[in-house]
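Down below is the structure, laid out as structure tokens.
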Amino acid sequence: MTLLRSGSATDTGLVRSVNQDLAVESSNLFAVADGMGGHAGGEVAARMAVDTLGVVFGRQPTAGGLSEAVLEANATVWQHSLEHPELRGMGTTLTAVGLVQEDGHDVLALVNVGDSRSYRVHDGQMTLLTTDHSVAEEMVRSGELTEREAAVHPQRHILTRALGVSSDVAVDFWRLHPVRGDRYLLCSDGLTNELDDDQISQVLTTVADPREAADLLVRAARGHGGSDNITVIVVDVVLGEDDAPADAVDEAAPADLTGVVPAVESSNGATTATAAEVAPLAIPEAPTREPSRRERRRARRRQKRTARGRRLVTLRTVIYVVLLGAVVAGAFFVVKWYNTNSYFVGVDNNELVVYQGRIGGFLWFHPVAVDRTGVTTAEVPARYLGALDAGVEETSVTSAKCYVANLQSVEVAQTNPSLQTTQTTTTSVKGCG
Ligand code: MG
């Protein structure tokens, strides 16, 4: 025998003017629908979906009946949108849990389409059961994005599956054992966009009353921005099995459930946290009355600023990398210029050689011989040899050659006293300009 106790809360949030979320709470059926589509389409889609779900599941309260109910809800919304062009494109997410009997045992049947979510808390650990059908989540699954990147990705709200947007829909399905003490959370993305799993888990593992927990979660989401409608249902298994079998839950759906995608246990990186691990949740004070027009404007501006801030971080990183590259490239060319515009005269194998580069080399640049003059050390005065061994700097190849020629003139002048005047002249024009 299974007994469930639940509590729910919903709120328009601080930015939207209407609430297109809907919660269904009965003794054996719990569902959250998050409608989408302009011209009241979202409200219509969510309302038609949950109404159809309730009626069909009420007629056939089994696992198969729940799946049938989702397919019928899809068909109803789709058909209505075909008949009312102004509602074309409307649709809704749906995550629902039904308490059903199978082979004399109670089973919790879970279905999901879209990005509303279902979590379970078992032994103080919270696990995400459903998989978001959104562009960003698909990119996480294919390895293109991390969970952290997906949380701020501009396409995180674009759904890859929704109810009522086509004639057919694939539905994720799980079977779960109702274990006494377990707690389930069904919520729209208005909650998970504002609070992370640790913050949600902290409330679910510390607030005993399900209604109180639902209220607190909605208030916290409002306090963190409330940029979307927020809807929360908390369902406690008051009476149930004493513990789950080792391979507990989440069997694949039976093959005879038309349109149902057999789902395996959630493997999409669900985060879990124990009550002892999470930090206390600071719940900002949220307004208890409906926000005024000005407050809504402010909230919208805040949202835009946050989005802009996120873009800026990325832009800043790009600019930083580009500037860093420019500085490195600039430094490289300055060093290269410094080297290639330097010359000196040195000695190699008793021959005077003109080198390009710095004497002794600079960084990774080594001097390169650009002119072997053919003049030997024997042809220049001995008093210059020390300087030549160390290297004599010149401003250009021409200037360096001129210097070598002058050294020869000195030698010639010294060996021919009649040219003494020339010696004085030539030594004074060492660099030849
Ligand atoms: Mg939403």
Side-chain angles (χ1 to χ4, degrees), residues 8-25 30-50 53 70 73-74 77 81 87 89-96 111-119 128-138 140 150-165 169 172 185-197 199-200 214-215 217-234 268 286 290-291 296 299-300 302-304 306-307:
S8 66
T10 187
D11 193 276
T12 307
L14 299 171
V15 176
R16 302 284 172 92
S17 52
V18 290
N19 192 347
Q20 298 188 323
D21 283 1
L22 269 179
V24 172
E25 208 184 343
F30 308 89
V32 166
D34 178 354
M36 60 182 197
H39 299 290
E43 288 163 277
V44 174
R47 171 55 65 195
M48 293 187 88
V50 298
L53 187 82
V70 178
N74 179 69
V77 177
S81 76
L87 297 175
M90 72 173 177
T92 184
T93 71
L94 183 73
T95 191
V111 287
N112 184 60
V113 177
D115 67 350
S116 291
R117 290 181 174 179
S118 290
Y119 291 84
L128 174 62
L129 298 170
T130 50
T131 304
D132 290 353
H133 301 135
S134 65
V135 171
E137 197 54 46
E138 302 281 355
V140 170
V152 294
H153 194 273
Q155 291 185 316
R156 68 188 181 282
H157 299 302
I158 298 177
L159 299 184
T160 52
R161 268 196 244 171
L163 218 64
V165 295
V169 68
D172 287 353
L185 165 72
L186 282 69
C187 62
S188 62
D189 67 335
L191 178 76
T192 49
N193 285 340
E194 307 296 352
L195 304 182
D196 62 29
D197 283 3
Q199 291 170 314
I200 294 170
D215 267 345
L217 285 172
V218 168
R219 276 177 46 215
R222 270 177 69 99
H224 278 78
S227 59
D228 194 4
N229 306 148
I230 313 148
T231 300
V232 170
I233 304 178
V234 177
N268 58 348
E290 271 308 296
R296 275 207 292 272
R300 262 189 233 115
R302 213 169 40 230
Q303 218 183 2
K304 274 187 196 156
T306 312

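Just follow the structure's listing: the first ligand is 1, and inside any ligand the first atom is 1. Quick note: numbers below take in every heavy atom, side chains included, and nothing from hydrogens, waters or symmetry partners.
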(message) Restricting to side-chain contact (heavy atoms from CB on, under 4.5 Å), what partner residues turn up for Ala46, sequence neighbours left out?
(response) Leu22, Ala33, Thr92
(request) With sequence neighbours left out, write down each residue that passes side-chain contact (heavy atoms from CB on, under 4.5 Å) with Val24, or none if nothing qualifies. (result) Leu29, Ala31, Val50
(request) Apply salt bridge (Lys or Arg N to Asp or Glu O under 4.0 Å) to Glu138 and list each qualifying residue two or more places apart in sequence or on a separate chain. (result) Arg141
(request) Taking only Lys NZ, Arg NE, NH1 and NH2, and the carboxylate oxygens of Asp or Glu, determine whether Asp189 and Arg117 approach each other closer than 4.0 Å. (result) no
(request) Would you list the protein N, O or S atoms within less than 2.8 Å of the Mg ion (ligand 1), leaving out water? (result) Asp34 OD2, Asp189 OD1, Asp228 OD2
(message) For a side chain to side chain contact (heavy atoms under 4.5 Å, CB included) check, start with the C-alpha distance between Arg161 and Asp172, then their side-chain angles and the critical distance, and finish with the verdict.
(response) CA-CA 11 Å; Arg161 268 196 244 171; Asp172 287 353; 3.2 Å; yes
(request) Compare every heavy atom of Val70 with every heavy atom of Val111, then report the nearest pair and how far apart it is. (result) CG2-CG2, 3.7 Å
